[in-house]
Amino acid sequence: MKTAYGDHLTVTLDGHVATVMIDRPPNNHVSVELMADLADALENLDNSNACRAVVLASAGKAFCAGADLVAPDGIAGKGMGGINALYDQAVRLFSVETPIVAAVQGAAVGAGLGLALIADFRVAAPEARFTANFVKLGFHPGFGLTHTLPRLIGQQRANLMFLTGRRVKAEEALAWGLVDEVAPLADLLSSAQALAAEIAENAPLAVIATRKTLRQGLADAVRAQTNHEHAEQTILRATEDFAEGVRAVQERRPGRFTGR
């Protein structure tokens, strides 16, 4: 049985595993509406006795290319209120109780990396790339990443990703603990579903209780961190470097930054 949430999200339940599929061509950019639909879907699955684990996946080549800072109707085009509303939905995602396995087939960039980190585990294809590219945009990291990424891979490796904006390939991400498994692209979804099924075969109340202990305080920490990130982003959004960073991304070239 398949259920739609909004225009770009479907949920399919097979046994005790739900597959939540994002399909927002061409790059699965996040939006406030999409994140709200995702939070609604995951909260409903929390309340379903049938669902014991979730696979978060997306269609197309990119897992999620982040927030659209180029399109006129993108999040940046709506003003920083749009970013803040996006982070409100991020806190809802981190508050979900059901375990989540993300299937990452391609680029997880910026907020897309943040989205991958709402999950407990990540299964990646060799084609996957993980990027915290905010400094290349003249922008501050968001989506709670300044809390969640160091928590996962350690402060020094997170510093490297944040301050260089480099792309981390799947095998390196596996060695760092950013990814838990690497599977061929053709087998990616089934591999993520197999891991979710391994979780789902256990006693559900015990799984949820254990997960709550392991993630204790995480949603509150993300809320505090996104408040700080949003404040820094508001300052940087008014700079010439941010405008140049957005132009550079649009024109697919390095930014020519001046520090203004």
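Starting from 1, each residue takes its place in the sequence as its number. Only this structure's heavy atoms are used, side chains among them; waters, hydrogens and symmetry mates stay out.
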Check step by step if side-chain contact (heavy atoms from CB on, under 4.5 Å) holds for L56 and I22.
CA-CA 8 Å; L56 176 62; I22 298 170; 4.1 Å; yes
Would the distance check show the side chain of [X] and the main-chain N or O of [Y] forming a donor-acceptor pair, the cut-off being under 3.5 Å?
X    : Y    : value
R24  : H29  : yes
S48  : N44  : no
Q233 : H140 : yes
N28  : A65  : no
R52  : I199 : no
T164 : R166 : yes

Following the transitive rule for hydrophobic clusters with a side-chain heavy-atom cut-off under 4.5 Å over Ile, Leu, Val, Met, Phe, Trp and Tyr, establish whether [X] and [Y] coincide in one cluster.
X    : Y    : answer
L86  : V222 : yes
V101 : L152 : no
V91  : L34  : yes
F130 : L174 : yes
L195 : I208 : no

Of all the heavy-atom pairs spanning [X] and [Y], show the shortest one and how long it is.
X    : Y    : result
A183 : P126 : O-CD, 3.2 Å
A53  : A200 : CB-CB, 4.2 Å
C51  : A18  : SG-CB, 3.8 Å
I118 : R211 : O-NH2, 4.4 Å
N27  : A62  : O-CB, 4.0 Å
G165 : V135 : N-CG2, 4.2 Å

M161 vs L113, side-chain contact (heavy atoms from CB on, under 4.5 Å): CA-CA, chis, key distance, verdict
CA-CA 11 Å; M161 291 186 69; L113 174 60; 4.1 Å; yes
Got a second to check how far [X]'s [atom1] is from [Y]'s [atom2], nearest 0.5 Å?
X    : Y    : atom1 : atom2 : result
T12  : K2   : OG1   : NZ    : 4.5 Å
L42  : E97  : CG    : CD    : 12.0 Å
I100 : D120 : CD1   : CG    : 6.5 Å
N227 : E232 : CG    : CD    : 12.0 Å
Q225 : H228 : CD    : NE2   : 6.5 Å
T148 : F143 : OG1   : CZ    : 9.0 Å

Evaluate the side-chain proximity of [Y] to [X]: yes if any heavy-atom separation is below 4.5 Å, no if none is.
X    : Y    : answer
V104 : V179 : no
K136 : T131 : no
H8   : S31  : no
F63  : L115 : yes
L178 : L117 : yes
W176 : L160 : yes
L93  : M35  : yes
D46  : V96  : yes

What verdict does the side-chain contact (heavy atoms from CB on, under 4.5 Å) test give for D241 and T258, after you've listed the backbone C-alpha separation in whole Å, the side-chain angles of each residue and the deciding distance to 0.1 Å?
CA-CA 7 Å; D241 275 356; T258 62; 3.6 Å; yes
For [X] and [Y], test the side chains for any donor-to-acceptor distance below 3.5 angstrom and give the result as yes or no.
X    : Y    : result
Q89  : R92  : yes
E229 : T146 : yes
N47  : E43  : no

Would you please indicate yes or no on a ring centroid separation below 6.0 angstrom for F139 and F242?
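Yes, ring centres under 6.0 Å apart.
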Other residues, nucleotides, ligands: >12 heavy atoms within 6.0 Å of [X] [atom1]:
X    : atom1 : value
L205 : CG    : no
R215 : CZ    : yes
E251 : CD    : yes
D14  : CG    : no

side-chain contact (heavy atoms from CB on, under 4.5 Å) between V182 and E171, worked out
CA-CA 7 Å; V182 174; E171 289 296 339; 3.9 Å; yes
Flag the pair R253 and E244 as a salt bridge only when some basic side-chain nitrogen lies within less than 4.0 angstrom of an acidic carboxylate oxygen.
yes
